[in-house]
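Each chain gets a letter, A, B and so on, in the order the sequences are listed, and its residues count up from 1.
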Amino acid sequence: MPELPEVEVVRRSLKKIILNKEIVNVELLHKNILNDNYEEFKKALIGYQFEDVLRFGKYLVFVLNNDYVLISHLRMEGKYRVVGNKPYSKHEHLIYTFKNGETLRYDDTRKFGRIDLRLKSNYLKTKPLNQLGAEPNDLDIDVFYNKLQKTKRPIKVSLLDQTIIAGLGNIYVDEVLFLSKILPTRISNEVTYDEAKAIKRNAIMTLEKATKLGGTTIHTFSATDIDGLFQNELLVHTKKGHPCIVCGNLIIKTKVSGRGTYICEHCQK
DNA sequence: ACGTCCTCCTGTTCGC
DNA sequence: TGCGAACAGGAGGACG
């Protein structure tokens, strides 16, 4: 799925096209997508407008011009698109219709994505956002280092843990660990303070660059149907059998905690 | 409390 | 080529 850069690309493009348009109808075609009561959900939406779209880590927050927000997580394959009045396609599960006839559609092949309805007054203090850690930009290095000190999980698993650092997923963790010269299997509490600083620095750099390039498009993900370009910049992820750009040794693919993982065994220690 | 595994789904790629 | 197995950018819950 989309990681922080891809979600940010989605947020920016949605902001340009969905704000301040009255919602006249909502259709939920797959009920598991919504974590809350559908009737309340409709009541919170119909007759109102989106007045902003925010992002926290990999979560999108649609701000309504009333007391509510919608918190949307795309998980592996969720996408939004805005189109006119054409037939729904196979994996569109949630349709918002605007007064001008346009529709905002949530498409999710694997149906993993989830949406929560929350009150503006406390949505940062309740699930799912209350547990979210800081994004790399805002990460306090001492807090980060101390969290790593408290766990014996592999460092990759800790970096995928959104309560420790928000926004990284399987692709960018591999890239950041390569740039930081750290093996993904290293035990978290053996990562040094300087290495933690390197992780923060490389995470900021990687996510910024990826966002500028419109995110990474592998497999099927694209932000509002437009492909990103960061896949052309990947150093290790998906690069099995390619020479490492630093030392020339071949990149290998392994598994860490069930996730496909790409490393240079020579550069990463 | 912590770490590991399973699960939710569907479509595509891999390996024999 | 065919076919089943493994895998895909996530995370919450069960279990030991």
Side-chain angles (χ1 to χ4, degrees), chain A residues 1-10 29-36 55-60 71-80 89-94 106-116 126-133 147-178 184-190 203 206-207 210-211 213-224 227-241 253-262:
Chain A
M1 146 312 204
E3 305 178 38
L4 189 152
E6 293 74 38
V7 179
E8 177 62 16
V9 169
V10 173
L29 304 168
H30 181 77
K31 67 177 173 52
N32 288 350
I33 296 294
L34 179 65
N35 279 332
D36 299 290
R55 182 189 56 71
F56 297 89
K58 304 177 197 174
Y59 292 87
L60 282 170
I71 302 174
S72 171
H73 197 302
L74 308 174
R75 294 286 183 95
M76 297 289 260
E77 307 232 7
K79 320 171 179 51
Y80 282 98
S89 57
K90 192 173 176 185
H91 300 296
E92 288 172 347
H93 306 306
L94 179 58
Y106 178 70
D107 181 302
D108 190 344
T109 305
R110 293 172 75 181
K111 305 190 181 88
F112 282 178
R114 290 294 179 267
I115 291 174
D116 293 277
T126 61
K127 282 201 304 181
L129 292 182
N130 61 332
Q131 298 281 54
L132 197 63
K147 282 185 180 174
L148 294 182
Q149 284 296 295
K150 287 194 183 112
T151 175
K152 294 184 173 177
R153 293 178 298 177
I155 184 64
K156 175 164 181 174
V157 174
S158 293
L159 298 184
L160 288 170
D161 181 340
Q162 302 298 300
T163 70
I164 292 182
I165 181 170
L168 298 176
N170 204 35
I171 295 177
Y172 296 116
V173 165
D174 281 3
E175 297 297 301
V176 167
L177 286 173
F178 171 74
T185 46
R186 279 268 295 285
I187 302 307
S188 297
N189 70 1
E190 291 173 1
T206 302
L207 296 182
T211 304
L213 290 173
T216 301
T217 304
I218 304 180
H219 309 302
T220 57
F221 173 76
S222 64
T224 61
D227 288 355
L229 295 171
F230 193 74
Q231 65 275 15
N232 301 326
E233 309 293 320
L234 293 173
L235 302 174
V236 286
H237 197 87
T238 73
K239 299 301 180 187
K240 177 182 172 183
K253 183 181 183 188
T254 63
K255 261 192 174 187
V256 175
S257 186
R259 309 298 300 276
T261 299
Y262 298 82

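- Distances shown here put every side-chain N or O of A:H30 at or beyond 4.0 Å from the OP1 or OP2 atom of B:dC9.
- Look at NZ on A:K253: it is 7 Å from P on C:dC7, rounded to the nearest Å.
- With P as the reference atom, B:dC9 and C:dC3 are 27 Å apart, rounded to whole Å.
- The separation of C:dT1 from B:dG11, taken at their P atoms, amounts to 24 Å, rounded to a whole angstrom.
- A straight line from CG of A:L159 to P of C:dG10 spans 13 Å, rounded to a whole angstrom.
- Of the P atoms belonging to C:dA6 and B:dC5, the separation is 16 Å, rounded to the nearest Å.
- Of all heavy-atom pairs spanning A:G57 and A:A166, the tightest one is CA-CB, 4.1 Å.
- Contact annotation: A:R259 side-chain N/O to C:dG10 OP1/OP2 distance is under 4.0 Å.
- Between A:K58 and A:L4, the shortest heavy-atom contact is CG-N, 4.1 Å.
- Using the Watson-Crick or G-U wobble rule with both distances under 3.5 Å, C:dC7 pairs with B:dG11.
- When all heavy atoms of A:R186 and A:E190 are compared, the closest pair comes out as NH2-O, 3.3 Å.
- Residue A:F112 and nucleotide B:dC8 are classified as a stacked aromatic pair, their ring centres being separated by less than 5.5 Å at an interplanar angle below 30°.
- Residue A:H237 is tested with A:Y172, A:F230, A:Y262 for a ring-ring contact (aromatic ring centres under 6.0 Å, His included); the sole match is A:Y262.
- Phosphate contact (OP1/OP2 of C:dG10, side-chain N/O of A:H73, threshold under 4.0 Å): absent.
- Rounding to whole angstrom units, CG of residue A:D107 and P of B:dG11 are separated by 11 Å.
- As rounded to whole Å, 12 Å separates atom C1' of C:dA11 from atom CG of A:L132.
- Taking the nucleotide of DNA chain B with the nearest heavy atom to each of A:K240 and A:K152, the more 5' of the two is matched to A:K152.
- Contact between the side-chain N/O atoms of A:K58 and the OP1/OP2 oxygens of C:dA11 is found at a separation under 4.0 Å.
- If you take CZ of A:R110 and P of B:dT12, they are 12 Å apart, rounded to a whole angstrom.
- Here B:dC5 presents its C1' atom at 14 Å from CZ of A:R153, a figure rounded to the nearest Å.
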Residues A:R153, A:D161; criterion side-chain contact (heavy atoms from CB on, under 4.5 Å); working and verdict: CA-CA 11 Å; A:R153 293 178 298 177; A:D161 181 340; 3.0 Å; yes
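- What you find for A:S188 and A:S158 is that their closest heavy atoms are OG-OG, 2.7 Å.
- Rounded to whole Å, atom C1' of B:dG3 lies 12 Å from atom CD1 of A:I164.
- Contacts of A:Y59 with the nucleic acid, taken as non-hydrogen atoms under 4.0 Å apart, involve only primed sugar atoms and P, OP1 or OP2.
- If you take NZ of A:K150 and C1' of B:dC2, they are 14 Å apart, rounded to a whole angstrom.
- Checking B:dG11, B:dT4, C:dG10 against every side-chain atom of A:N170, the shortest atom distance belongs to C:dG10.
- When the side-chain nitrogen and oxygen atoms of A:K111 are compared with OP1 and OP2 of B:dT7, none of them lie within a distance under 4.0 Å.
- Between A:K255 and C:dC7 there is a side-chain N or O to OP1 or OP2 distance below 4.0 Å.
- Distances shown here put every side-chain N or O of A:Q162 at or beyond 4.0 Å from the OP1 or OP2 atom of C:dG10.
- Of the side-chain N and O atoms in A:N32, one or more sit less than 4.0 angstrom from OP1 or OP2 of B:dC9.
- Between B:dC5 and A:S257, no contact under 4.0 Å exists linking OP1 or OP2 to a side-chain N or O.
- A ring-centre distance under 6.0 Å is not found for A:H93 and A:Y106.
- No donor-acceptor contact under 3.5 Å links the side chain of A:R114 to the base of C:dA11.
- When distances run from any side-chain atom of A:E77 to the nucleotides C:dG13, B:dG3, C:dA8, the shortest one goes to C:dA8.
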